[in-house]
Amino acid sequence: MKPARKMFVFLTAFALSVCATAVPALSQTIKVGVVLPLTGSEAAFGEIERNSFQMALDEINAKGGVKGRKIELIFEDDTGKPDVGRSAVEKLISQDKVSVLTGGYSSAVSIGVTALAQQKNIPFLVTTGSADEITEKGYSYVFRINPPASEYPEAVTSFLQEVVKPKTAVILYENTSFGQSSSKSFEGNLKNLGVQLLLKEAYNANAVDFKPILTRVKSMNPDLIYMVSYVMDAALLMRQSKELDINPQLFVGGGAGFTLPEFRENAQAAADNVFSATLWSESVPYPGAMDYYKKYNARFKSNTEYHGTEAYACLYVIADALQRARTFSPSDIRDALASTDTKTAFGPVKFVSYGKKTQQNRLPTFMVQWQRGKLETVWPRNVATKGYIFPTTPWRERK
Amino acid sequence: MDVFWQTLVAGILKGGLYALIGIGMTLIMGVMGIINLAQGQLMMVSMYITYVLFSALRIDPYLSLAIAMPALFLLGVLIQKYFLNPLLKVDTILPHNQVLMTVGIGMVLTEVIRFIFKSDYRSVSTTYSNKTFFLGHISFSVALTVAFGIAVMFTLGMFLFLMKTDLGRSIRATAQDKEAATLMGVNTGRITVITFGLGSALAACAGTLLAPVFYIFPDIGGPFTSKAFVITILGGLGSTVGAIFGGLTLGIAESVGSTYLGMDYENIIGMIIFVGVLVFLPSGFKRLTKV
Amino acid sequence: MKKNLYPLIFLLALIVLPLLLRQEYYQHLIILFMMWVIIGSAWNLLAGYTGRVSFGHAAFFGSGAYAAGLLTYHYAISPWWGMVTGGLLATAVAFPFGWITFRLRGAYFALATLALNEVLKDAAKIAEPLTNGMVGILIMPTFSSKLPYYYIILFMMVLTILCMRLTVHSKLGYYFISIREDQEAAESMGINTTRYKMISLCIGTFWTGLAGAFYMNYMGFIDPSVVFSLQDLSIAAVLVGIVGGVGTIYGPAVGAFIMIAVQEFFRSGFFGLFKYFADKTGSSAFTTVSEFVKTAHTLGFGLLVIFVILLLPNGIVGDWPKIKRKVFRIKPEN
Amino acid sequence: MSFFRTENLVKYFGGLAAVNNVSFEVREGEIFGLIGPNGSGKTTTFNLISGFHRLNSGRVVFKGQEIHRLPTYQICRLGIGRTFQVVKPLGRMSVLDNVIAAAFARVNTLREARDLALETIDFCGIVPVQNLLAKSLPIAWRKRLEITRAMATRPALLLLDETSAGLNPTELLQAIDLIKKIRDNGTTIIIIEHIMHVIMSISDRIHAINFGQTIGEGTPQEVAQNKAVIEAYLGTDYA
Amino acid sequence: MLKVEGIDVYYGDLQVLWEVSFEVRENEIVVLVGANGAGKSTTLKTISGLLRPRKGAIEFDGLRLDQTPADRIIGCGVVHVPEARRLFVEMSVEENLIMGSLSSAAKARRQERLNWVYGLFPRLRERHSQPAGTLSGGEQQMCAIGRGLMALPKILMFDEPSLGLAPILVQNVFDIIKRINKEGVTILLVEQNVRQTLSFCDRAYVLENGRVVLQGAGRELMTNSYVKEAYLGL
């Protein structure tokens, strides 16, 4: 065969196979599109979320699916880039013809996707993207299960108000969308409490050395150090605080990295007594929380954390909505989602509107504390698993 | 005053590691006249080697220097031999084909590592990762201080090697005048290969020393590549002593900047110094220090 | 006429394509492709024709995107007005920068642009009151359909390519190439090399800024790490040029096509080919292969870059005669 | 008013004087030779005149205007063209395009530049190679291309730097013819040349330098008899 | 001893040497003269392996130099002192000299040779730790010659050693070359200083446009009118 003809045959075969895949299969499944960072720098969390989605899917389908029909998940990789995320969702909507969308890890990707979902009238349940704007645009097809970044510090605020009553504080935050919004809202909270803010400082994620800034913090001798950091930076911050012998009344992490097992592994003893705001840990008093944690551990032989729970809960919320939806058309599913009132491993889910936000799930946040290498829920009192240790023992007096 | 001294110490300790990365880059720049934009990625690979040795075989990072450095030397040799040297003969519109090739190599290294290890953060938590000692009120991280010591050792070693051995002299001679070096019986092709190997090995050394104090992920290479070329330019291209100056300067500038201006200014400061030196002191600090 | 035949056919195809291919997924990919043609061509004018390689084109892309975004964000001015502003702001950034750094030789200019990229990224992060920092800027999209965006970017792309062609075939083009080939000879031929390098930089950055402003309009959201991305924009722009062929009019178009295609091809597991086989045969091997392929899109492009630099140093368009010779003639008939 | 003159040119590189106090005057319409052994500072003098190097002291005056502070491209536009000892063809452009690029110094549209270029190409006799890539030319044609390119900028004064090095005897004769033709066409020429019988035969006057300093000036016959010149070329005990 | 037979040499596509042949016998001083661009330096570069002939052969003591890698040639005793000296300007004088003795045979006798060279050029001993770039022209030439001598040359090739030197220094350099020759080193010299070199060489070849056009004993050529004409255009 001449090379040109060989090429032609190959191309034809290829084109045919592409067409074949493009034709929707005549199955009775309900298609749910999931857009997650499966490659690129955020892939680690994309992976946990995908596993959790898969776990929820298997459970739901094992129980017979929804109204006798099975759910099918179609995962698409957004590689952490907004334009690629958009490609992925375009494909899910126009090629795979999904009836409902979920996923969305980074805020940048989620924001792009929400606009698209709204335009195409496909309901989109945001799993993780935490920028406040996501639910502030009045999009009728966009729902969010996790609280926005600005609400993470709520439990911390009540703890400060009732227990600590600090006079001075320092905020260090990573210069990301999440860090910026949540530190800003915490700054507002401090002002309301009448706490003097000595320093509010951003740093670029993955900085090697925090000592210069921590040295300055030390010289200010604040009562409270509040840090919004991801896990490895969090560990470095605590390690270097210990190295520099900085002794505020308490260290508080603003969620994100401070609750993960890797934080403890890397900070080692420096993790002890550190408080953190959190949305979820396996010890929170929600039915199914611990269950999910154990099942995940058993199935994937690795640890999970709140991102995974968000994903796991998301699919249950969608299944619940599908169960109640009149038909499986996107608009009916939207209506069903809007009237959601269910309980999940991530907490109770109900989409409400308040302030500028619409269709936002409202969840209480908690405070946890590392005590002898274990993460204990310490605040609010009614759900605490252990008493809090306060004030923090100075480094040199610890054994 | 403590704040200042602590800042300075942090800067110097960090600068030691930077110098190590810078020397590797500067050697390559001097001999080949190209900027190796995969320097940070080579360092990243060595961090993963250290990580694997530590987590699988419990080999102490300082011992794994003996494995990571030869391994990266070999990797560097292969890169130079099969990917960079062949480009010398090619005539292209842009004279930067070798530089662009290093970009491609950096990309592939990152992705291969990501393929194997995923994007997860890894760390090498040794018993000394968290240890500190105090001189007065100034704290010194044990691991960073040891790293600084080893960095100084390797820097000195490198310096002596370049000054006192025939191979070292041949490398310098090749950097200054390739043709004359050939006339003196230097196999300059082999020298470029060895130099790239050495440059990679030094990057490996920096990576391995950094592993216990920092953490590891596939994209860590990029930022260090840019630091490496800033250092190289600061030090005056191809000057070993200059690279040490450059490394310390960048380390101190970053520290002082992040203490007194703010941590998010850390990168900007490096870059502005870089452009400033590039424009106003085209031969870097070499001109100021005459070395 | 023959020279223009293929581009015209291609243009016609692009005009009618969205009417035939109703799937917005493909329209989106073509929009991205056309945006990259603009970025690549603009980069190519500076690098391929004038010989000044920029490693920091994201600096200009981002400036353009922010110009459009900030006008809307602060003054509620339509981001479409911001398009022109975007181009102009990018040029305004480029002008003093070029003035200072054009005295640098070869690769050092490239590194200075890279530094500019990083400085602007961090500046956009820090200048929170102005740029909203890392939270980014979100605007409501103007159109709900893809078609308006499609034709706008198509129009812009055609303008860009026309601009490049007119430039290259005029005094400017001759001067740019002279500077690239030998700056001293150019000076001795009466060419004010500094001025013409600046002109090249300004044209190149204007289109890049325009593409940035379009991105703002189209995607509706920007933040510093997205539009000032070293890896995804600056380096990608270089690679688009290299793969397609620097110093050729249509090289960047080919490069852009390949980049978008490779990325999407791998990301979607060869457009679902593997999944199709897996479903047909029920073999899990295909699923496994598919998983590997999906994670390897950047790797794939990286390998392609190495391959091209080693074997086709002038890029696909630049080395097209060589490819034709190798692939179509030397291969024995069987 | 003299056509062109240099006054006490001085140029140091490092501590070394590459050109030291060189003064000469060129009359309109003549061929003025500049000779001296290798490394004596001839090319540096050209670089000073054409603005590639800045003078440490001295003046360069062209048609009554001081030009030593002007940038190279302006000096070209004032009417001083030059060629390079190590030829600098714009390699990836065709010969025609090389010349068109130079012609833009005088005209603005592509059509005019093309016409001007074709005319110059014809004048300088490189029509046979005009469509080849400059980098593919043999040395003789490259040298000729350099002259053509310089001529396309319509210079009143042309600086030729070793146009005949590396040419075979036939090519040499052609080169000499071309140089004479250019002069007859009204362009004044300063020429650096190593092949002595070439420079002796075509120059109206010659200026000799060694170690950056003037060692003699006059007609070819005068210079050939000059003891300092003979010593510089053939060694001390020749004269 | 050294035999160059009909070599054609190109720079890329440009041919610069056409069928160049000549011979250097043991203990001779042979000169290649010719105008700039005649191909003298090219010839030397081809002998020392920096360039490769497309045609022809170069033989040295029965060894085919044109098939020996460039970096091995110095080890065979064929040493090239390049035009414009090409010292390693940022290295000290002594390091430059040491660079001449990289081959194992030369390395074994490094210290001894170093002393010998310093004896030959006391100025170099005075300046041994100074960077070579700071030397004056004459000192640089001595350093370059010294570097060549460190390599235990059997044949030493000089490319325009008088270039840019004041007349008194030129005489000096030629005296040194004669002295080296007396010590048993064969000399191949490329010069444009015709009169002086022709007066002390054994034989000379005249190159013009990449071809050998004339050859003969030095004194003989000195009186040849062709040489005079080629050089002074008389």
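So that the names make sense, note that chain A is the first sequence line, chain B the second, and so on, each numbered from 1.
Looking at R92(D), the atoms closer than 4.5 Å to chain C (heavy atoms on both sides) sit in the backbone and in the side chain alike. At a 4.5 Å heavy-atom cutoff, the contact between S170(C) and chain D is made by backbone atoms alone. In this structure, chain C has no heavy atom under 4.5 Å from any part of S50(D).
The CG atom of D182(C) lies 4.5 Å from the NZ atom of K88(D); values are rounded to the nearest 0.5 Å. N98(D) contributes atom CG, which lies 7.0 Å from atom OG of S178(C) (distance to the nearest 0.5 angstrom). Here CD of E187(C) is found 4.5 Å from OG1 of T72(D). Values are rounded to the nearest 0.5 Å.
Residues of residues 109-125 of chain D placed with any heavy atom under 4.5 Å of a heavy atom in chain C are listed by number as L110(D). Close approach to chain D, defined as a heavy atom under 4.5 Å from one of its heavy atoms, is seen in G190(C), I191(C), N192(C) of residues 190-208 of chain C, taken by number.
For A105(D) against Y175(C), the heavy-atom pair with the smallest separation is N-OH, 3.4 Å. In this structure, K171(C) and V107(D) approach most closely via the heavy-atom pair NZ-O, 4.3 Å. Contact detail for A101(D) and M189(C): the closest heavy-atom pair is CB-CE, 3.6 Å. Of all heavy-atom pairs between E184(C) and F84(D), the closest is O-CZ, 3.9 Å.
Ranked by heavy-atom pairs under 4.5 Å with chain C, the list R82(D), Q74(D), M93(D) is led by M93(D). Between chain C and the residues L78(D), T153(D), D97(D), I80(D), the most heavy-atom pairs under 4.5 angstrom are made by D97(D).
No more than 12 heavy atoms of other residues, nucleotides or ligands sit less than 6.0 Å from atom OH of Y12(D). The environment of CZ in R69(D) is sparse: at most 12 heavy-atom neighbours from other residues, nucleotides or ligands sit within 6.0 Å. Remark: F257(C) CZ is loosely packed, at most 12 non-hydrogen atoms of other residues, nucleotides or ligands lying under 6.0 Å away.
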Problem set entry | From CA spacing to verdict: side chain to side chain contact (heavy atoms under 4.5 Å, CB included), F52(D), S188(C) | CA-CA 9 Å; F52(D) 277 93; S188(C) 78; 4.2 Å; yes
